[in-house]
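Atoms considered below: every heavy atom in the structure, side chains included; atoms not considered: hydrogens, waters and symmetry mates.
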Amino acid sequence: MRILYHHRTASRDGQAVHIEEMIGALRGLGHEVCVVAPEAGADAGEAMGAKVGWVHGLRDRLPKALYELLELGYSAVAYRRLMAAARAFKPDVLYERCNLFLISGVLVHRRLGLPMLLEVNAPLADERGRFGGLGLARLAQWSERFAWRGADRVLPVTRVLGDIVVAGGVADERIVVIPNGINEAHFAHAPAPAEARQRLGLGGGLVLGFTGFVRDWHGVDRVLRWMATPQAPEDCRLLVVGDGPARPGLEQLARELGLEQRLQITGFVSRDEVPGHVAAFDIALQPAVTSYASPLKLFEYLALGKAIVAPRSPNILEVLCDGANALLFEEGTQDSQPNSLAQALTRLAGDPALRQRLGAGARATIAEKGLTWEHNARRVSALFGDLLARRPNPQRRAHA
């Protein structure tokens, strides 16, 4: 198939991983993919987590309502680019990654009759309203639901998110859950744990690890507080692979607890470096999770066969099973209570056999559940094939 792929993402973070891996997997299956996206993106060689400075500077300086009108105005630019690409490329189908105030994909879908899949990673109007604030909340919600309702199929990354989309007016039969995944080849040459720890200068103690853009709500501070208790091994270390706004607070807390020599924060690293860092983990941490998310770090932990600690939330239970491929704790519990994060860490730290068993279960989960980008691309291909077969004339159109 010829796939017209549209997104409005410019930052180098988990969004970029999803986009690049899906495009690569679709091309790997033999499809031709034409990408329509912002021209001013971060350089592909930059470290993960890098931002497009002028975009974020504009957002910080302008009134929220004005910035949001500019976002909506970008849809006119994207519409023209999509129509031009359609005339030149003559696509069979349209795939779009949903973004707030982005309605151009649905407009092109209606104009040209292209079968359309819409990938949804979050309820963005609600998310930005809660965390960043919105000047035009009703317009944001309208634009998001316009996109959700306009696509032939909506692809949320979790069933929890799918239920939110259904509540937004999309029929359940048009929902197909496709979680995040991993590129197995990217993790195939990760070093052995001992070699990874030696390269990173971590010594021989137990290594707890967290990857990603660390924020206060991630709860990594709770891990540090546990490390200061008698239940934690005296030589255990915490390796944070990434950076983020919680870093200064974590470093200050480590100093207060006398753990500054046992906390290592790498700062932003390139995608190629991530497997070599995660390989060093004995226990992989997901201390908290957004209720509708499909965390990329979770799939990286699974791919490298790590003993995972995570909350027992509905979206996590879509992937993990307590005692089989992870040790789960109850959300909202205090560290002194049963079934808490601290209790799970204490149990895993003192039981190497359990860590090994959970790690083996974690690695097997990738194949059992098909948690790879290639598998996701095959599902997308099948959905497009079904939509094309339903058309009265599935032949490729010459778009004028």
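Remark: aromatic rings of H218 and F210 are close, center separation under 6.0 Å.
Crowding of R130 atom CZ: a count of heavy atoms from other residues, nucleotides or ligands under 6.0 Å exceeding 12. Counting non-hydrogen atoms of other residues, nucleotides and ligands closer than 6.0 Å to CD of Q356 gives a total of 12 or fewer. In this structure, Q198 places its CD atom where only 12 or fewer heavy-atom neighbours from other residues, nucleotides or ligands lie under 6.0 Å away.
Atom CG of residue N376 and atom CG of residue L371 lie 8.0 Å apart, to the nearest 0.5 angstrom. Summarising the geometry, atom CG belonging to L107 is positioned 10.5 Å from atom CE belonging to M83; distances are rounded to the nearest 0.5 Å. A distance of 4.5 Å separates CZ in R379 from CD1 in I178, rounded to the nearest 0.5 Å. Of the inter-residue distances, the one linking N183 atom CG with M22 atom CE reads 12.5 Å to the nearest 0.5 angstrom. Considering CZ of F384 and CE of M116, their distance stands at 9.0 Å, rounded to 0.5 Å.
For R215 (side chain) and A246 (main-chain N/O), no donor-acceptor pair under 3.5 Å exists by modelled atom type. Listed for the R237 side chain is a donor-acceptor partner under 3.5 Å among the backbone atoms of Q261. Listed for the H31 side chain is no donor-acceptor partner under 3.5 Å among the backbone atoms of L26. In terms of modelled atom types and a separation under 3.5 Å, the side chain of Q141 and the main chain of A137 share no donor-acceptor contact.
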Candidate pair E273 and R199, rule salt bridge (charged side-chain N to carboxylate O under 4.0 Å, His left out), full reasoning: CA-CA 12 Å; E273 294 178 280; R199 289 182 184 179; over 6 Å; no
Residues S313, N315; criterion side chain to side chain donor-acceptor pair (under 3.5 Å); working and verdict: CA-CA 6 Å; S313 61; N315 57 327; 2.8 Å; yes
D335/S340 under side chain to side chain donor-acceptor pair (under 3.5 Å): CA gap, chis, key distance, verdict: CA-CA 5 Å; D335 291 341; S340 67; 5.0 Å; no
Worked verdict on N99 versus H7 for side chain to side chain donor-acceptor pair (under 3.5 Å): CA-CA 8 Å; N99 214 320; H7 71 86; over 6 Å; no
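Salt bridge annotation for R159-D172: present, with a cationic side-chain nitrogen under 4.0 angstrom from a carboxylate oxygen. A salt bridge is absent between E32 and R27; no separation between the charged side-chain nitrogens and carboxylate oxygens falls under 4.0 Å. Between K64 and E68, none of the side-chain N atoms (NZ, or NE/NH1/NH2) sits under 4.0 Å from a carboxylate O, so this pair counts as no salt bridge. Look at E71 and R8 and you find a salt bridge, because one of the NZ, NE, NH1 or NH2 atoms lies within 4.0 Å of a carboxylate O, short of that distance.
Taking hydrophobic clusters as Ile, Leu, Val, Met, Phe, Trp and Tyr residues chained together by side-chain heavy-atom distances below 4.5 Å, F146 shares a cluster with L124.
With contacts defined as side-chain heavy-atom distances shorter than 4.5 Å, the pair T211/Y301 qualifies. Side chains of L317 and L328 form a contact here, defined as non-hydrogen atoms less than 4.5 Å apart. L358 has its side chain out of reach of N325: every pair of non-hydrogen atoms, C-beta onward, lies at least 4.5 Å apart. Between F281 and L208, the closest side-chain pair of non-hydrogen atoms is not below 4.5 Å. Side-chain contact between V214 and D243 is absent, with no heavy atoms from C-beta onward closer than 4.5 Å. Residues L383 and D386 fail the side-chain proximity criterion, which asks for heavy atoms closer than 4.5 Å. The shortest side-chain heavy-atom distance between R97 and L118 does not fall under the 4.5 Å cut-off. Here the side chains of S104 and H6 are in contact, with some heavy-atom distance below 4.5 Å.
Applying the salt bridge (Lys or Arg N to Asp or Glu O under 4.0 Å) test to every pair with at least one member in residues 131-154, sequence neighbours left out, gives these pairs: D152-R391. Within the structure, salt bridge (Lys or Arg N to Asp or Glu O under 4.0 Å) contacts touching residues 341-365 (residues at least two apart or in different chains) are E184-R363.
The aromatic rings of Y5 and Y95 lie parallel to each other, their planes meeting at an angle below 30°, with 60° marking the opposite boundary.
For the residue pair T158 and A293, the shortest heavy atom distance occurs at CG2-O, 3.2 Å. A303 and I182 get closest at one heavy-atom pair: CB-CD1, 3.9 Å. Of all non-hydrogen atoms in F329 and P287, the two that sit nearest each other are CZ-O, 3.2 Å. In terms of heavy-atom proximity, L250 sits nearest to L224 at O-CD1, 3.6 Å. Shown here for L29 and S381, the closest heavy-atom pair between the two residues is CD1-OG, 3.8 Å. Between E300 and V278, the shortest heavy-atom contact is O-CG1, 4.4 Å.
For Q252, the side chain to side chain donor-acceptor pair (under 3.5 Å) partners two or more places apart in sequence, or in a different chain, are R255, E256.
In this structure, a donor-acceptor pair under 3.5 Å is present between the side chains of E119 and N121. Side-chain contact of R111 with Y79: a donor-acceptor pair under 3.5 Å is present, judged by distance alone. Side chain to side chain, T290 and W217 fail the donor-acceptor criterion of an N or O pair below 3.5 Å.
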